[in-house]
Amino acid sequence: MSTQVPEQVEDESASETVSTGKQKRDAKKRERAERVQEQREVEAAEKARTADDTYHLKVFRYDPEVPEKQEPRFDDFYVPYKQGMTILDALMWARDHYDSSLTFRHSCRQAICGSDALFVNGSQRLGCKTQLSDLSEPVRVEPLPHADVVKDLVVDMEHFYDQMEAVEPYFQTNSLPDGELEEQRQTRENREKVKMSTRCIWCSACMSSCNIAAGDNEYLGPAAINKAYRFAMDEREGEDMKQRRLEILEQEHGVWRCQTQFSCTEVCPKDIPLTEHIQELKREAIKNNLKFW
Amino acid sequence: MSQSYNRGLIEDFSRWREFSAGMWAWIFHKFTGWVLVGYLFTHIAVLSTALSGATEYTTTIQGLESLLIVRILEVGLLAVAVFHILNGLRLLFVDLGVGLEAQDKSFYASLILTGVIVVASVPTFLAGVTI
Amino acid sequence: MAERYTSFKPGGRRWLWQRLTAAFLVVVLAFHFFLLHFLNHADEVTFALSQARMESLTYFSLMILFLVTATFHGVNGVYNALVNQGLSGTRKTAVKVTLGFASLLLIVQGVRTALAWAGGVPI
Amino acid sequence: MYEHDVIVVGAGGAGLRAAIAADEEGADVAIVSKLHPVRSHTGAAEGGINAALREADSWEDHAYDTMKGSDYLADAPAAETLCKDSPKETIKLEHWGMAFSRDDDGRVSQRPFGGLSFPRTTYAGAETGHQLLHTMYEQLVKRGIKVYDEWHVTRLAVSDEEQPEDRTCHGIVAYDVQTGQVEGFRARNGVILATGGLGQVYDHTTNAVANTGDGVAMAYRAGAPMEDMEFIQFHPTTLPSTGVLITEGVRGEGGILYNEDGERFMFEYGYANNLGELASRDVVSRAELTEVNEGRGIEDEYVHLDMRHLGEERIIDRLENIIHLSEDFEGVNPLEAPMPVKPGQHYAMGGIETDENGETCIAGLYAAGECACASVHGGNRLGGNALPELIVFGKRAGHHAAGKDMKEAEITTGKVGDYETAEIESPVELGESGIGEDVVADGGAAADSGTATTGSDLVQRAVEDERQTIDHLLEKDDGIQHAEIRERVQKSMTQNVNVFREEDGLKQALRDIREARELYQDVFVGDKSRTFNTDLLQTLETRNILDIAEAITLGALARNEFRGAHWRKEYQERRDEKWLKHTLLSWNDGRPELWYKPVILEGENKTYEPKIRSY
Ligand SMILES: Cc1cc2nc3c(=O)[nH]c(=O)nc-3n(C[C@H](O)[C@H](O)[C@H](O)COP(=O)(O)OP(=O)(O)OC[C@H]3O[C@@H](n4cnc5c(N)ncnc54)[C@H](O)[C@@H]3O)c2cc1C
Ligand code: HEM
Ligand code: SF4
Ligand code: F3S
Ligand code: FES
């Protein structure tokens, strides 16, 4: 292979046998360097406040245990902007450089784990999927509305999970192929039909945006209904299963509660046409019942 | 759960600023619907003066109709009704799964159309009012 | 399936009726408005005119139907909105009863008025 | 204290499959995970699951590809188990309703993937991992398996016999993120670690923030060796600001890499005169970094991946997803401008040493998934071989832990049989810094289990130790913050133990790690709250990052050859006569101990003779 060897950026590590004495000296040197570094950071923060290429964030703070944070407040952070910076990047920067107690959920940084749905400048968005440059300043970051705040930007997700799990969110069929190496057949069209509904990442943005879900705690909510749609429309489950699924959806607090506000569809980071799915289920339910009249 | 901060009503009431088209449509539809039922009840109440006799009825109605304020309220009622009808149609289409992508546009269209119809009917509605 | 089986819960039925009545109301309400505000101007409304219209069976039954559908649609809409706000338990039952009673009252009063105009059921 | 038959730590693909398997065997099983299951990083996998499903294909071919891909550092019994079980397990996912992409005849689709002799990568769009994770979580809900989510596992409760091979794992200690309580979980039968990757050892990775290698580090400190840690896969096309993966498909479709001067460097500088951009992952990664190091990188950091010439239509048709990724995560519209890309850490081939039943050398302790090393991937993992690993070995570990009779493993664990010990040459002292000072030695055999007689006692002891550690961290008012320590290590690892490795750099990394360890003595947690204290959790994770970084670097420094993903400047060849062996690192009283065990190349029907790995 003709790969070229990279030029090492040389520093004091050139000599191999490092005496402990030298180590100590190095450590001292580094310590000094560190202090200088710290100094620089403070200055940088100061400069950041005044510079153009910083973003001004106003972040909701609350902690039931910390006296100063028991009464919720907004903290200001000035974060130096880098090309491609997202809300999540900015929050992480603020946490690592200004206040290590700034708390928010996050993991994948790529819009797939669904941890970081936040209320940013008045709408539900995924922190990691929202470019700072698309927002006007000051960027207001709050926890999801209509959910109990645990701390700072972290909300209690239990209710959302309960709703998700209330719709028998698992595949059920009575007719599996016999062979353990034989798959069930499914047409491309049918897969296409359920495709969007399978993309949900359980971020709860939709649920948080829905006024009905805010008012009626028992309402299944758009995400759970979508989850049920994913199975009800999957031809592999068969007709009698579909019947059963529709029965679940038809409860008083099922699909009928939806008032087609569309906000769920608008905020869904995975572009799932939630309202459309809910409406289709309402029609399916009606059709299904007309058969029995 | 118990220790978490409850944002309660403050949260709900300040959220309208962040509403999007579909949510406004919902609010307006709700509001207009309620006004309409309210009106339905008053309307029947007023009409039932007919039970006490023909003259009674005619004087009540004409008395009311001659008041500017009533006429203006009627224009308001018209606006409310027209919006409720138009948005109601929009909702019926949404229920049929038609035009979901244009839901925001159809809402704006309902608003504009309501405005136009109401403005156009003002002369008829205010005709013959004695000030 | 031997027995007549239906899983149709009131939620769904009410939802459907809300749509059906809405569709009906579009037509009748438009007609109503048009008739009473554009063809006959508001300030000209008199007992006699109403009486004249009511005496026709078609108009009379249309108006009764109008009343009933509008009442159902409106009251059911209100009830629905309250359920959407998370109304439940005894309060829900209380609201249901009150609304039901109010609608009944409204319809009875409306029908009585219509009868007064028509002077009995027009044949 | 909570008590279950089997405790699974982690709820990614491997953890979920293990729990379901244990449940199938009738065990009372619970999952303890620091993230809610659907948040696990398995969801990020895009490409697919390798499984020999078709008549024209066979598990033997798959095994051959895997062994070759591993550069002959995988153990044949493990690789063959993977390839034999994968079809059944993949179809099982289908039976559980997973939304695979479909062919016209309604069967699941398969596509070609790098290094495979048959298109056997079974996929669900470009979101296979997401579909797999959710399908499996659904099964968990169906079975009503208990999940303790947002419980951060901090240490294992293992008895403290002298030799790790004599020890037994009795349970775990976990920290409830919501309330700040430390609790013990006693496992009557066994503990299965499925904590996933360790990408956070590097500052640029496709891995999640939660992938801090906790399980590997915990097991290591409890005595289970780490195997082949130096083998880290780097992906050549990740977005610079976040590490988000841009699939190989872009180059597959004809995307071109340019340097700052607009040169098509793969050809112009002769990195790969035949295949150009389509050369294997390691070759392209090295080429990109060379460009940057020689001053031809853009902003001294990345190169450009351009696909504009493919035309909007074709891009939207086949690579639509990439437009969104690039816009959302880099703010660049790839239809209008080239995408910035650079190599990023992607996968750890090494991990906790296990056999093909997922068992470690400690009784009652299992591992599966990316945190384990059965050794299926050896020196280099083939794309599409990690997801089958989750379902195959997750299930086996689950069954075994639940007490199912299984075929005796062929792979040995721990220091038995044919192993050799080795000296470590390091410029600095290694391992734990300042034990015996006021920081309670973290992990390891229950620090002093002298009085503990039963399993529960042992777990209780471990809980108390952990409470002390955490109280200590929270009480300290002053010191250095974990973020700074973490950043130093990550930077140094990316600088020195990256795609390119040379002796000086590796030694520098060891020095940096040492320094970081010393700084860690002074670590303090700024946030004093017991509620959702991520500051504290990250401080605990940083400790794991330190141990793992050290292990990776040590293994790399010791391995004087170029094999698979491990490239050494001084040794440009694979040296089979000396290095057909696994690197193992054991934690011995706070110091790492290096040893080796031979690779098993004898399969069921044949022996895999090392050949030159060329494609
Ligand atoms: C971007 C990307 C694309 C990929 N594409 C493919 C592909 O196409 N094909 C393929 O085969 N492979 C692919 N891989 C590799 C594969 O996805 C991973 O190796 C695999 O998903 C790891 O699964 P896991 O179950 O071991 O771990 P994870 O899914 O990472 O799960 C780890 C679990 O452990 C828990 N955990 C961790 N630490 C603790 C702790 N201290 N206490 C409690 N719980 C803890 C976490 O909460 C999480 O639930 C890809 C990887 C990445 C990053
Ligand atoms: C003329 C045509 C009408 C149409 C097309 C129409 C349509 C609708 C529709 C579709 C809804 C259901 C909204 C939903 O559930 O999402 C609704 C609700 C409602 N309607 Fe009508 N309607 C009409 C007339 C009326 C009249 C005359 C009244 C008054 C009596 C009325 C009162 C209501 C009320 C109170 C609601 C409930 C609003 C809420 O959600 O709070 N509507 N209408
Ligand atoms: S439907 Fe969309 S918004 Fe709702 S939870 Fe799923 S991904 Fe999030
Ligand atoms: S926001 Fe709510 S009302 Fe229906 S369309 Fe969406 S669920
Ligand atoms: S961090 Fe995973 S969705 Fe944003």
Side-chain angles (χ1 to χ4, degrees), chain A residues 60-65 69-73 119-125 140 142-152 154-159 208-212 214-215 255-256 258-267 271 273-286, chain B residues 1-37 80 83-114:
Chain A
F60 180 93
R61 305 301 300 275
Y62 165 76
D63 186 330
E65 273 181 64
K69 279 168 78 186
Q70 273 165 1
E71 196 45 47
R73 58 163 204 245
F119 196 60
V120 181
N121 275 5
S123 98
Q124 286 77 2
R125 307 167 195 256
R140 211 160 41 109
E142 294 167 73
L144 285 181
H146 307 314
D148 285 333
V149 182
V150 175
K151 173 173 169 182
D152 292 355
V154 174
V155 296
D156 191 331
M157 297 285 284
E158 277 320 307
H159 177 62
S208 163
S209 80
C210 176
N211 277 325
I212 306 299
V255 287
W256 310 121
C258 168
Q259 299 275 295
T260 58
Q261 278 188 15
F262 285 95
S263 58
C264 53
T265 306
E266 260 159 50
V267 299
D271 299 328
L274 293 162
T275 313
E276 195 176 322
H277 288 169
I278 300 171
Q279 292 299 81
E280 195 175 337
L281 286 172
K282 286 182 191 165
R283 291 196 300 275
E284 284 288 321
I286 294 286
Chain B
M1 265 241 182
S2 56
Q3 59 172 334
S4 67
Y5 170 59
N6 180 4
R7 286 169 291 173
L9 287 176
I10 306 164
E11 165 178 288
D12 287 348
F13 284 136
S14 58
R15 287 289 166 243
W16 61 267
R17 275 180 286 131
E18 280 104 29
F19 273 21
S20 56
M23 294 162 96
W24 281 116
W26 173 70
I27 289 281
F28 286 178
H29 198 80
K30 208 177 171 71
F31 173 74
T32 53
W34 285 66
V35 171
L36 287 176
V37 221
V80 159
F83 177 81
H84 193 89
I85 294 179
L86 292 177
N87 192 57
L89 284 169
R90 166 179 168 272
L91 290 175
L92 289 177
F93 278 114
V94 165
D95 287 329
L96 294 172
V98 178
L100 288 165
E101 317 74 46
Q103 62 91 9
D104 44 350
K105 291 191 202 73
S106 55
F107 164 61
Y108 299 133
S110 315
L111 276 183
I112 293 169
L113 210 58
T114 306

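Order of the sequence lines fixes the chain letters, A, B, ..., with proteins taken first and strands second; residue numbering starts at 1 for each chain.
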Hey, are the side chains of B/Asp95 and A/Arg283 touching, using non-hydrogen atoms and a 4.5 Å cut-off?
-> no
Do any of residues 83-92 of chain B have a heavy atom less than 4.5 Å from a heavy atom of chain A, and if so, which, in residue order?
->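 Hits under 4.5 Å: B/Arg90, B/Leu91.
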Reported CG-to-CD1 distance for the pair A/Asn211 and B/Ile27, which is rounded to 0.5 angstrom |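 Interatomic distance, A/Asn211 CG to B/Ile27 CD1, rounded to 0.5 Å: 6.0 Å.
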About how many Å separate CE of B/Met23 and SG of A/Cys264, when rounded to the nearest 0.5 Å?
->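 So the SG of A/Cys264 and the CE of B/Met23 are separated by 9.5 Å.
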Could you tell me which portion of A/Ser209 (side chain, backbone, both or neither) has an atom closer than 4.5 angstrom to a non-hydrogen atom of chain B?
-> backbone
Heavy-atom proximity to chain B below 4.5 Å, by part of A/Gln259 = both
Return the minimal non-hydrogen interatomic distance between B/Leu100 and A/Glu276, and the atom names on each side.
->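 So the two residues come closest at CD1-CG, 3.2 Å.
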Chain A contacts, top residue of B/Gly97, B/Ala25, B/Ala21 (heavy-atom pairs, under 4.5 Å) |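 The answer is B/Gly97.
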Decide whether B/Gln103 and A/Glu266 meet the rule of one side-chain donor and one side-chain acceptor closer than 3.5 Å.
->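 The criterion, which ignores hydrogens and geometry beyond distance, is satisfied for A/Glu266 and B/Gln103.
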